[in-house]
**Student:** 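One structure coming up, written as structure tokens, with questions to follow.
Just so you know, ligand 1 is whichever comes first in the structure, and atom 1 is the first atom listed for that ligand. Keep in mind that this is a model prediction, so the values were computed, not measured.
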Amino acid sequence: MPDTVTRFITCPLCEAECGLEIITCDKEIQSIRGDRQNTYSNGFICPKALALKDLYNDPDRLKYPVKRTGNEWRQISWNQAFDEIEQQIKKIRGHHGDNALATFMGNPNVHYHGNMLYIGMLIKTLKTKNRYSSSSLDQLPLMMCCYLMFGHQLMFPVPDIDRTDFFLIIGANPAVSGGSIMTASGASRRIKGIQKRQGKVVVVDPVLTRTASLADQHLFIRPGTDVYFLAALVNTVFEEGLDRPGRLGDFSDGIEAFKTAVQNFTPEKAAGMTGISAEDIRQLARDFCRADKAVCYGRMGTSVQAYGTLSTWLILAFNIITGKMDQPGGFMFPTPALDLVDFTARANEKGYVGRHHSRVSKLPDFAGEFPASVLAEEILTEGDGRVRALLTVAGNPVLGAPNGRMMDRALAHLDFMVAIDWYIHESSRHAHIILPPTCILEHHNFMTMINLAGARNYAAYSQPVFQPQPGTRHNWEILSELSARFVSNPFLRFALKLAKPERLLGLMLRFGPHGSGLNFLGSGLTLSKVKRAVHGIDLGPLVPRLPDRLFTKNKRIDLAPKRLTDELKTIEDHLEQVSVKTSADGPDLLLISRRNLMSNNSWFHNYPAMKNRTNRCTLMINTKDAENRSIKSGDTVRVTSNIDSINIEAEVTDRVMPGVVSMPHGWGHDRPGVALRVAAKNPGVSINDITDNKRIDLSGTAAFSGLPVRVEK
Ligand SMILES: Nc1nc2c(c(=O)[nH]1)N[C@H]1C(S)=C(S)[C@@H](COP(=O)(O)OP(=O)(O)OC[C@H]3O[C@@H](n4cnc5c(=O)[nH]c(N)nc54)[C@H](O)[C@@H]3O)O[C@H]1N2
Ligand SMILES: Nc1nc2c(c(=O)[nH]1)N[C@H]1C(S)=C(S)[C@@H](COP(=O)(O)OP(=O)(O)OC[C@H]3O[C@@H](n4cnc5c(=O)[nH]c(N)nc54)[C@H](O)[C@@H]3O)O[C@H]1N2
Ligand code: SF4
Ligand SMILES: [Mo]
């Protein structure tokens with residue numbers, strides 16, 4: 001008799017964290033569907049979840065450690081792998097100091113509680129100052145603003161999407177991305193829900209995206225100019241006396257300084273920069289203020305650009321001065337079951353700026369991490385303190401970081417590299433040893449993102465769908481063993497052996513905001529309760545948390561951190577200089593990135609289920625710009641930046657605004673030595689082969705968006 005089993009898990013592929021129903025028969029996946037009984041996702045899934053089957057069955061996915069000699073890879077035992085890693089790293093550190101080893105933590109780490117709980121420990125034991133992660137390719141501006149304004153880098157406000165009547169979305173595409181720093185599975189359905197309640201959705205984006213097509217109003221904005229647009233929105237609020245911070249006014253400092261900072265940013269001046277008319281800016285400010293429940297939210301588009309931190313700050317401050325922060329239907333702070341904000345605050349890890357500076361470019365760190373944009377130069381620039389060894393965990397910086405060709409050269413230049421990853425890909429092909437963890441379907445998981453950024457408070461736990469294959473190791477086991485190899489204190493080493501993610505998780509839930517703490521008879525949340533609730537546990541809508549939740553010393557919000565008002569001052573005179581550039585104005589177009597429903601950063605092109613007509617690596621270019629260059633859809637065009645050139649297929653469309661071109665990131669799988677057989681057949685090109693590692697914002701985040709490029713047939 002075949003053994004058919006139905007399991008319910010949370011999809012960990014993106015931040016939406018949808019409930020899945022997976023039916024298996026023996027070792028085969030029969031079906032993957034949305035879990036209709038899941039209170040959070042109500043049966044919603046996207047096509048990416050189907051790729052879990054391809055991931056599980058992928059013959060290219062590594063299961064045991066491999067070692068490279070020249071271009072040859074061979075399987076080795078776990079013991080040999082850990083021994084060699086220990087020896088090599090100790091040798092390099094012995095000769096060149098602890099900082100000769102760098103670490104790069106990639107995006108998927110945030111999706112697994114095992115990684116979240118063990119990475120901090122590993123980093124502490126490795127004692128290197130050379131730490132890097134995908135944060136500085138992504139949400140670091142928000143972390144910096146949350147730290148400067150609320151006193152904690154992880155105190156992310158989340159749009160209360162299910163109760164708002166006015167959703168202003170700037171530079172985010174939740175209908176495709178699933179929503180980011182806003183865990184709200186089925187974002188399109190929730191957006192339509194706003195309209196059903198007679199609410200309004202406005203999208204500000206250089207592209208008529210899937211989200212923009214759903215909106216009541218879409219405004220094209222010239223990439224990289226959000227700071228002027230947002231400052232003009234705030235300027236209007238003050239000019240027209242619409243500022244009503246309400247309750248938040250009682251514990252916010254710097255309102256006057258903030259008002260002064262934006263006083264020259266008039267809508268008329270911003271119109272020239274952004275391409276959005278002064279009247280549209282004013283009307284939008286009025287509509288937003290008039291709405292009872294409104295929220296203004298920005299993501300990648302407002303983050304990874306030259307003024308990412310300023311734009312992010314203005315978004316937060318705009319919500320505060322209009323009384324939309326910490327209110328139902330506005331921008332709210334979760335009360336998470338696993339309260340990483342509180343736990344890290346207790347460990348005094350709330351954030352800091354500039355305790356150390358990078359060796360070559362002298363850039364400040366944030367919370368102990370340097371910008372990923374400087375990793376390559378730290379490896380390639382000779383001298384004392386050069387990075388000679390690298391450990392990557394779930395990351396592919398050759399495709400994800402700016403100036404990928406330089407990163408590629410840098411990784412090839414390392415004395416020693418270890419990758420914890422499933423694949424021999426563009427970055428890990430330079431590793432000397434790769435340690436692959438078990439597959440997603442083989443391990444337990446407690447969804448972590450909802451806990452930081454849930455649009456509702458919610459908890460869920462996933463049991464493995466399949467037993468791990470013999471002799472394989474989970475992410476946390478690899479991280480724990482590596483830590484143990486570098487801990488000198490025998491007591492700590494013993495403690496590491498005892499620590500299990502389930503134990504830590506159980507404690508964190510018990511002592512979290514929904515647990516009963518020391519009252520062992522209490523009815524609060526426990527790990528066993530979460531485990532029993534296979535469809536998840538709803539912990540209610542978001543509730544006001546301020547001022548209690550503030551981590552600033554004086555328990556007040558800083559609306560006008562000096563670092564930010566100073567930078568805003570430096571760009572004031574731009575307003576007089578530039579007027580909106582259209583295709584007719586010059587040879588340069590501005591390059592931005594896009595995501596596709598069938599993609600997941602750099603690692604989904606090896607899954608046959610993700611092949612689709614729409615999931616292609618093309619350069620979207622506006623009809624006018626294409627005509628000016630005699631370019632037709634399907635032509636191969638050359639795109640040249642100040643860094644390098646790539647060739648790519650053109651896709652002529654009026655969905656991008658004139659003067660702008662867009663391409664996806666995460667492609668470019670044709671580098672020699674990459675062992676991704678399906679991806680190799682349709683490799684695409686990497687946008688980051690031409691992005692500029694010197695373009696960073698105030699926080700050190702890569703300014704991917706708005707890169708000037710020349711496009712020729
Ligand atoms: N299918 C899919 N889902 C994903 C991912 C994926 O690769 N594929 N990746 C996941 C990850 S790691 C993340 S961080 C999230 C990101 O989640 P989102 O931020 O929602 O997704 P993006 O598609 O990057 O949206 C950014 C939008 O900003 C616009 N934009 C670009 N430059 C500018 C600008 O200067 N100003 C303004 N206003 N807009 C601009 C782009 O046109 C784009 O529509 O998605 C996650 N979900
Ligand atoms: N131009 C441009 N560049 C961008 C972006 C953009 O919009 N435009 N987006 C940026 C953003 S938002 C991000 S987050 C980064 C993403 O860039 P990275 O952080 O480098 O992450 P991914 O590309 O998602 O690669 C993740 C790797 O982790 C592996 N992996 C998956 N799950 C696991 C696991 O459980 N354990 C281990 N050990 N490995 C695992 C996968 O095989 C894959 O190789 O790219 C950034 N780069
Ligand atoms: S939206 Fe994200 S979490 Fe939901 S099914 Fe798709 S990939 Fe998984
Ligand atoms: Mo990301």
Side-chain angles (χ1 to χ4, degrees), residues 9-20 32-35 38 40-41 43-52 106-108 110-111 133-140 142 168-188 203-212 218-227 229-230 274 276 297-308 311 315 400 440 447 449-450 590-605 610 615 620 655-657 660 662-666 703-707:
I9 69 162
T10 303
C11 175
L13 292 172
C14 89
E15 295 174 50
E17 303 202 328
C18 307
L20 305 181
I32 300 179
R33 283 195 295 242
D35 173 7
N38 183 293
Y40 202 89
S41 56
F44 175 84
I45 54 165
C46 85
K48 275 188 300 197
L50 305 181
L52 285 170
N107 168 275
V110 298
H111 296 282
S133 80
S134 56
S135 290
S136 52
L137 309 172
D138 189 344
Q139 81 292 347
L140 181 59
L142 180 64
L168 171 54
I169 303 173
I170 310 177
N173 188 7
V176 167
S177 70
S180 183
I181 322 236
M182 172 181 74
T183 296
S185 163
S188 301
V203 171
V204 181
D205 199 299
V207 180
L208 176 63
T209 59
R210 198 181 266 250
T211 307
H218 168 227
L219 298 166
F220 277 126
I221 188 167
R222 186 169 174 248
T225 65
D226 300 78
V227 61
F229 163 73
L230 286 156
T274 58
I276 302 178
Y297 157 82
R299 258 312 269 129
M300 281 296 280
T302 51
S303 194
V304 289
Q305 52 146 299
Y307 300 107
S311 304
I315 288 173
I440 290 169
M447 28 41 58
M449 279 315 293
I450 293 181
L590 299 178
L591 177 66
I592 62 172
S593 316
R594 66 171 189 267
R595 287 178 155 74
N596 183 286
L597 210 48
M598 317 285 277
S599 75
N600 197 8
N601 296 328
S602 70
W603 62 286
F604 258 49
H605 301 130
M610 295 295 96
N615 189 12
M620 286 180 13
R655 277 164 48 223
V656 290
M657 71 186 284
V660 176
S662 146
M663 67 177 280
H665 79 287
F704 292 120
S705 249
L707 178 74

**Student:** Quick check on contacts: which atoms of ligand 3 are under 4.0 angstrom from a heavy atom of Lys48?
**Tutor:** 7 (S)
**Student:** Using modelled atom types only, decide if a donor and an acceptor are shared between the side chain of Tyr40 and the backbone of Thr183 within a distance under 3.5 Å.
**Tutor:** yes
**Student:** Please examine the side chains of Phe704 and Asp138, heavy atoms only from C-beta on, and report whether any two atoms are closer than 4.5 Å.
**Tutor:** no
**Student:** Could you tell me whether a side-chain N or O of His605 sits under 3.5 Å from a main-chain N or O of Met610, the two making a donor and an acceptor?
**Tutor:** no
**Student:** Using distance alone, with no hydrogens and no angle criterion, decide if Glu15 and Ser180 have a side-chain donor and acceptor under 3.5 Å apart.
**Tutor:** yes
**Student:** We want to know whether Arg595 and Asn601 form a side-chain donor-acceptor pair, criterion being a heavy-atom distance below 3.5 angstrom.
**Tutor:** yes
**Student:** Take atom CZ in Arg210; do more than 12 heavy atoms of anything else shown fall under 6.0 Å from it?
**Tutor:** no
**Student:** When you measure from atom 4 (Fe) of ligand 3 to each heavy atom in Pro47, Pro12, Cys18, Cys11, which option holds the nearest one?
**Tutor:** Cys18
**Student:** Looking at Ala175, is its backbone amide N or carbonyl O close enough to the side chain of Thr211 to form a donor-acceptor pair, meaning the two atoms are under 3.5 Å apart?
**Tutor:** yes
**Student:** Could you list the atoms of ligand 3 found under 4.0 angstrom from a heavy atom of Glu17?
**Tutor:** 3 (S)
**Student:** In ligand 3, which numbered atoms sit nearer than 4.0 Å to a non-hydrogen atom of Leu13?
**Tutor:** 7 (S)
**Student:** Please answer whether the main-chain N or O of Gly400 pairs with a side-chain N or O of His665 as donor and acceptor at a distance below 3.5 Å.
**Tutor:** no
**Student:** What are the atoms of ligand 3, with element, lying closer than 4.0 Å to any heavy atom of Ala49?
**Tutor:** 5 (S)
**Student:** Would Cys14 count as a contact for atom 4 (Fe) of ligand 3, in the sense that one of its N, O or S atoms lies under 2.8 Å from it?
**Tutor:** no
**Student:** Can you tell me if Thr274 uses its side chain to pair, donor with acceptor, with the backbone of Ile221 under 3.5 Å?
**Tutor:** no
**Student:** Could you please provide the protein residues found below 4.0 Å of ligand 1 on a heavy-atom basis, arranged by chain and number?
**Tutor:** Lys48, Asn107, Asp138, Ile170, Gly171, Ala172, Asn173, Pro174, Val176, Ser177, Ser180, Val204, Asp205, Pro206, Val207, Thr209, Ile221, Pro223, Gly224, Asp226, Arg299, Met300, Gly301, Gln305, Ile592, Ser593, Arg595, Asn596, Leu597, Ser599, Asn600, Asn601, Ser705
**Student:** Is the distance from atom 6 (Fe) of ligand 3 to the nearest N/O/S atom of Cys46 under 2.8 Å?
**Tutor:** yes
